[in-house]
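These figures come from a predicted structure and were not determined experimentally. These numbers come from the heavy atoms of this one structure, side chains and all, not from hydrogens, waters or symmetry mates.
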Amino acid sequence: LKSGDEGEGCQQLALAVGHLEAALMVQLLDLPGVTVDPENHNIFGGEKGTEVEKVISGLGDLRPHGPPMLAWMLGQFLSKGQEGLQTAQRFGEVAIGGGVLQVLLQTLQGDYTAHGLVGDILHSLVYGILSALVQAFDPASMGLGLDTHRLVVKLLAHRQIAHHFWKNPMGLSLYFEELKSQFPLEHGPLLEVCTSLASASPLSCTKMISSLSSLPSFTDTLDYIPQSILRSVPSGLELTQPYFPYTGTESVCIPPGSVGTILPNGVTVRWAAPQNGWQLLLAEIGHLASQVTSGAGSVLPACLERVTNSALLVAAVLSSDSSLAPQLHQISHALLLVMDKFSQVSSPPLRLMAATIDIFSSLAVETPGPVLAKLGRTSLLPRLTGDQLHPGVVGQLLAGQETVQGEYPSLLAFLKLLTVTAKENCSQACIAFVLGEVLPHFSRWRYDLASDREKVAKLALTAVMQHGQHAEGLHMMASDRGLARSLLVLSSTGDRAVQTLLENQTNWEVGRGADLVDIVQLSLTILNMLVTSPSGHLVMTGPVGHAIRSPPAGAAPHYLLTLAHYTYFHHKPELAIAAVKLLSSISVDTSDQNCPVSVLACLSSAATAVRDQLLARLESNTEDIRLKIAIVELLSSCVEQQPGMVQLLMDINTDIRVVDSTHKPAGGRKTPPTPELVGDGCLSPVLRLLSLSNGETSDQWETLHLAIVKLIDSLWTRGRILAAQHLKEQKNFWSDLAHPLTSPRETSDTRHLKVK
């Protein structure tokens with residue numbers, strides 16, 4: 001790693017290992033145990049402390065050494081007070097100088113936290129360190145205010161940490177109460193913490209709403225308060241008249257007689273007047289609305305930032321518990337109205353737009369139609385006027401800000417909304433926008449976060465697939481050649497590219513490789529849906545048909561060979577299943593009778609290898625049943641239209657000759673042995689699966705059984721004489737085939753009795 005030759009992936013892996021090693025050391029120090037019984041603690045209250053201190057004193061060369069050094073200082077302080085702090089203070093100073101809080105935040109952001117147990121342990125360890133630090137010291141006075149806040153926001157979004165937070169009156173609860181006492185003058189920090197608490201769990205969300213509804217004070221700047229309504233009292237200042245801090249509304253009022261304490265900076269006053277925080281947020285939104293009405297130049301950036309934070313909080317609440325929508329209806333509606341006002345300005349606020357759309361995405365989960373209709377009455381979403389597509393604020397932001405900056409919060413929020421509303425007929429304009437402006441171009445945009453590219457593709461493809469569940473949407477998609485070209489490009493990625501990106505991840509479940517697997521699978525699924533639709537001829541006579549019937553360009557393999565190669569991908573069987581299903585659909589295509597597709601010719605010299613891979617997965621005892629079903633269905637489709645593939649997959653011996661059985665060779669020569677009808681093809685594993693399916697009762701095995709029966713019927717009805725002869729000669733074939741008739745199951749499901 002010091003030579004720099006190992007590459008970025010190796011360096012990230014080494015850093016992850018360092019973070020986990022540091023976490024193990026912190027776990028061994030057992031800070032919670034120090035708080036419970038410091039005198040009898042194994043390390044800080046026993047003889048082992050000296051030995052451990054020698055180990056800690058050898059750290060400090062690398063940034064990941066910071067957490068155990070800080071934990072050692074805090075453990076000494078908790079067990080021995082100031083005396084322990086004096087002996088261990090140097091360790092804490094080295095840790096803080098090395099950015100220990102930033103290291104702790106990076107530890108919580110690693111890919112390994114995708115594993116639930118690992119994530120829980122790491123959050124618990126960091127929570128223990130930060131709680132002890134906040135309880136014993138003032139991080140702000142140590143220059144750690146911003147890092148502490150970022151770490152608190154990250155921690156409190158975790159379910160278990162939020163649950164413990166609400167039960168423990170010490171630690172981070174002290175930090176939370178301090179933020180409440182500074183509100184609304186310090187607006188952002190409290191709302192960011194509340195947003196994390198709301199997203200942690202529905203229970204935490206409910207408690208956060210209650211806490212924000214009962215703020216103990218109102219903190220403001222003295223410059224905003226008319227001097228004529230103030231008078232001095234021994235404890236500070238007192239209001240002689242009601243004070244309305246928000247211009248244009250009296251919904252927020254500091255009543256007369258309220259006493260305010262002047263803070264040490266001399267320009268801030270804290271009024272002892274309980275307030276409803278949600279009412280303060282609503283007043284801020286109204287204040288911003290009045291500014292927008294006066295023109296874009298009248299909008300104060302600070303006010304816009306406060307309203308954006310409010311929208312993010314509401315979005316987090318509704319995402320966590322959508323049943324709270326009636327309680328937040330007024331503030332949600334006010335945010336939609338103010339965002340609609342911004343549609344008249346040249347540069348609408350990007351983050352506010354994203355948060356507003358997120359709010360209505362959560363509402364659309366329960367009532368997609370009404371929500372989409374409500375948004376349709378604004379200028380936010382794309383809309384169709386005749387044949388003219390108007391992109392709305394979503395398109396305006398995409399073209400004017402997002403593609404320029406490389407950040408796509410508004411587009412991602414819009415696509416997320418579309419995934420829950422795409423099944424509605426009124427979503428046609430939004431889908432048309434995705435087909436025309438997103439899918440054809442997203443791969444050429446600039447991204448600050450590389451993972452955003454995969455997020456855009458996944459959400460867009462998911463929305464398109466859901467829109468294809470009704471006939472009008474399916475026909476619109478089938479006739480869109482731009483969509484077909486986009487799907488071809490995505491589905492032609494290839495198994496090697498996917499496997500390489502997947503192997504570069506530090507976690508098998510999370511990363512760009514896993515996202516790419518989902519994207520390719522979605523592309524294959526949508527293509528199969530279009531090919532098998534009533535409008536499938538539009539697809540097969542367009543770019544897809546051209547790609548299938550044309551020779552490969554350059555060194556790239558033929559498209560059908562690319563599909564077949566996805567069977568070599570074992571990490572996620574759904575990808576291979578989608579590829580085999582599309583291959584089956586293409587095999588039976590009859591859109592062009594004059595130029596049928598020969599799958600065998602497209603596979604070329606790789607045909608034998610493809611056959612061996614299909615047979616290997618069909619014969620495997622641990623293979624996903626759904627993939628075996630797809631392979632059997634591929635065999636059936638080849639029987640209908642692909643004689644070459646039938647010959648390849650079933651390995652039928654076409655050299656067998658029919659001779660007179662009474663004829664004897666001259667000269668007393670022995671009769672040569674009769675050659676096998678079928679070699680090492682697919683019929684043997686299919687017959688074995690037929691026998692096994694008779695003893696299984698799950699739905700997937702019954703579906704496999706039905707697929708095998710359909711294959712046998714297809715061989716008979718299509719006149720595959722040699723294959724049929726081979727089947728009839730097998731020992732248990734007739735008993736296995738007739739098993740559902742001779743030994744019917746006691747079930748209301750009649751699928752196992754169907755042949756066609």
Side-chain angles (χ1 to χ4, degrees), residues 1 5-17 19-20 106 109-119 412 415 439 442-443 445 447-462 465 486-528 555-557 559-583 606 609-610 612-614 616-617 620 622-628 630-631:
L1 289 177
D5 295 335
E6 286 78 2
E8 182 180 355
C10 188
Q11 292 180 6
Q12 291 178 352
L13 180 59
L15 185 61
V17 171
H19 289 157
L20 293 175
Q106 292 172 0
Q109 293 172 337
D111 289 345
Y112 41 77
T113 57
H115 189 289
L117 181 59
V118 174
L412 289 171
L415 293 175
L439 284 176
F442 80 94
S443 60
W445 296 338
Y447 294 87
D448 275 358
L449 288 176
S451 58
D452 281 352
R453 186 194 311 271
E454 284 75 28
K455 290 180 182 178
V456 169
K458 282 179 64 175
L459 290 172
L461 291 172
T462 301
M465 184 173 67
S486 300
L487 294 175
L488 275 174
V489 171
L490 293 173
S491 59
S492 300
T493 302
D495 64 303
R496 292 185 180 179
V498 174
Q499 186 69 33
T500 300
L501 199 57
L502 193 65
E503 291 173 352
N504 288 333
Q505 296 178 181
T506 56
N507 182 289
W508 280 110
E509 305 300 327
V510 178
R512 296 186 63 195
D515 290 337
L516 184 59
V517 173
D518 294 336
I519 291 170
V520 176
Q521 178 195 336
L522 284 169
S523 302
L524 295 170
T525 303
I526 295 172
L527 271 175
N528 184 57
Y559 181 68
L560 294 189
L561 181 57
T562 300
L563 296 183
H565 278 168
Y566 285 124
T567 59
Y568 288 90
F569 184 79
H570 288 261
H571 179 71
K572 187 176 181 181
E574 287 82 358
L575 179 58
I577 292 170
V580 173
K581 284 186 174 181
L582 179 57
L583 201 57
V610 170
D612 293 342
Q613 178 64 12
L614 289 172
R617 303 202 73 165
S620 173
T622 58
E623 189 56 77
D624 193 300
I625 298 297
R626 296 171 298 169
L627 179 56
K628 294 189 177 186
I631 294 175

Asks: N528 and K581: which non-hydrogen atoms are nearest, and at how many Å?
Replies: OD1-O, 3.3 Å
Asks: Checking S620 side chain against A616 main chain: does a donor-acceptor pair fall under 3.5 Å?
Replies: no
Asks: Under 3.5 Å, side chain of T525 to main-chain N/O of Q521, donor-acceptor pair present?
Replies: yes
Asks: In terms of ring plane angle, is the pair W445 and Y447 parallel, tilted or perpendicular, where the classes change at 30° and 60°?
Replies: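 Tilted.
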Asks: From S491 OG over to I526 CD1, what is the distance, rounded to the nearest 0.5 angstrom?
Replies: 10.0 Å
Asks: Contact between R453 and R512 at the side-chain level, heavy atoms closer than 4.5 Å - yes or no?
Replies: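 Yes. Closest side-chain heavy atoms under 4.5 Å.
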Asks: Where do L614 and I631 come nearest, in terms of heavy atoms and distance?
Replies: O-CD1, 3.7 Å
Asks: What's the spacing between Y568 OH and L575 CG if we round to 0.5 Å?
Replies: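 Result: 14.5 Å between the selected atoms.
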Asks: If we only count heavy atoms from C-beta on, is the V610 to L561 side-chain gap below 4.5 Å?
Replies: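 Of all side-chain heavy-atom pairs linking L561 with V610, at least one is under 4.5 Å.
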Asks: Charged N to carboxylate O under 4.0 angstrom, E623 versus K628?
Replies: no
Asks: Are L487 and L461 packed together at the side-chain level, in the sense that at least one heavy-atom pair is separated by less than 4.5 angstrom?
Replies: yes
Asks: Starting at CZ of F442, measure out to CG of L415 and round the result to the nearest 0.5 Å.
Replies: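 Spacing of CZ (F442) from CG (L415) equals 11.0 Å.
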Asks: Are any non-hydrogen side-chain atoms of L563 and L560 less than 4.5 angstrom apart?
Replies: yes
Asks: State, to 0.1 Å, how close D495 and Y566 come at their nearest heavy-atom pair, and which atoms those are.
Replies: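 Looks like N-CE2, 3.6 Å.
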Asks: What salt bridge (Lys or Arg N to Asp or Glu O under 4.0 Å) pairs are there with at least one residue in residues 564-573, not counting sequence neighbours?
Replies: D518-K572
Asks: Is the side chain of E454 donor-acceptor paired with the backbone N or O of D515 at a distance under 3.5 Å, no angle test?
Replies: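 Side chain of E454 to backbone of D515: no pair is present.
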Asks: How close do P573 and D624 get, counting heavy atoms only, and between which atoms?
Replies: CG-OD2, 3.7 Å
Asks: Which atom names give the shortest non-hydrogen contact between L524 and A578, and what distance separates them?
Replies: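 It is CB-CB, 3.8 Å.
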Asks: Under a 4.5 Å cut-off applied to non-hydrogen side-chain atoms, are Y112 and H19 in contact?
Replies: yes
Asks: Does the side chain of T493 come within less than 4.5 Å of I519's, by heavy atoms?
Replies: no
Asks: Does the R626 side chain pair with the main chain of I577, one donor and one acceptor, at a distance under 3.5 Å?
Replies: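 Answer holds: no.
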Asks: If you round to the nearest 0.5 Å, how far is OG1 of T567 from CD of Q613?
Replies: 4.5 Å
Asks: With rounding to the nearest 0.5 angstrom, report the CG to CD distance, L516 to Q499.
Replies: 11.0 Å
Asks: Work out which heavy atom in A460 is nearest to a heavy atom in L439; give both atom names and the distance.
Replies: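 Smallest interatomic distance, heavy atoms only, reads CB-CD2, 3.8 Å.
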